[in-house]
Amino acid sequence: QNKNFYRVQMDAIGIGLGVRAIVSGAAGAAGGRVQVEADIIDSATGATLWHGRYERPIEELKALQTELLDRIAETLAEPAVDIDATVASL
């Protein structure tokens, strides 16, 4: 039920912004390390197009930022792939 609610919200946000995908994520730091988790969501279907989870020493934050932004840009440049459907078909 929460997944359906989430998809409806992505639909509304995508339509409101006029975008095909939404980047969502969270970040935190503890013990001298930074953790980042990010998703790219298809705004029309709510399907996960990409998911990444990273953990690095805080000193590597700039490199992590570059890596994450590069991966997001690569994913958005590719034709849309529905990871949820791909995993379900395995």
Side-chain angles (χ1 to χ4, degrees):
Q1 189 176 24
N2 282 342
K3 191 170 190 174
N4 288 336
F5 176 76
Y6 182 70
R7 287 182 183 200
V8 168
Q9 294 302 310
M10 291 296 115
D11 250 6
I13 293 169
I15 290 168
L17 295 174
V19 297
R20 74 173 180 93
I22 298 168
V23 177
S24 171
R33 298 187 66 79
V34 63
Q35 301 89 28
V36 177
E37 191 163 349
D39 295 286
I40 299 176
I41 308 298
D42 183 307
S43 60
T45 66
T48 301
L49 301 175
W50 174 82
H51 172 81
R53 183 179 176 101
Y54 301 85
E55 184 174 338
R56 303 279 193 286
I58 196 81
E59 298 81 21
E60 296 178 16
L61 182 58
K62 183 68 173 164
L64 173 58
Q65 179 184 13
T66 300
E67 181 181 348
L68 182 58
L69 291 175
D70 286 347
R71 185 62 185 123
I72 290 169
E74 288 170 10
T75 300
L76 292 176
E78 297 170 359
V81 174
D82 183 342
I83 289 177
D84 293 336
T86 302
V87 170
S89 71
L90 296 177

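Just so it is clear, the values below take in all heavy atoms, side chains as well, and ignore hydrogens, waters and symmetry mates. For the single chain, residues carry numbers from 1 onward in sequence order.
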Cluster overlap Val19 with Ile41, hydrophobic side-chain contacts below 4.5 Å | yes

Separation of Glu60 CD from Arg33 CZ (nearest 0.5 Å) = 8.0 Å

Approximate separation, where rounding is to 0.5 Å, of Gln35 CD and Arg53 CZ = 7.5 Å

Within one Ile-Leu-Val-Met-Phe-Trp-Tyr cluster: Ile58 and Leu64, side-chain cutoff 4.5 Å | yes

Can you measure from CH2 (Trp50) to CG (Leu76) and round to the nearest 0.5 angstrom?
-> 10.0 Å

Kindly compute the distance separating CZ (Arg20) from CG (Leu49), expressed to the nearest 0.5 Å.
-> 7.0 Å

Kindly give the heavy-atom pair with the smallest separation between Ala21 and Ser43, and that separation in Å.
-> N-OG, 3.8 Å

For a side-chain contact (heavy atoms from CB on, under 4.5 Å) with Leu69, tell me which candidate from Gln65, Arg71, Glu67 qualifies.
-> Gln65

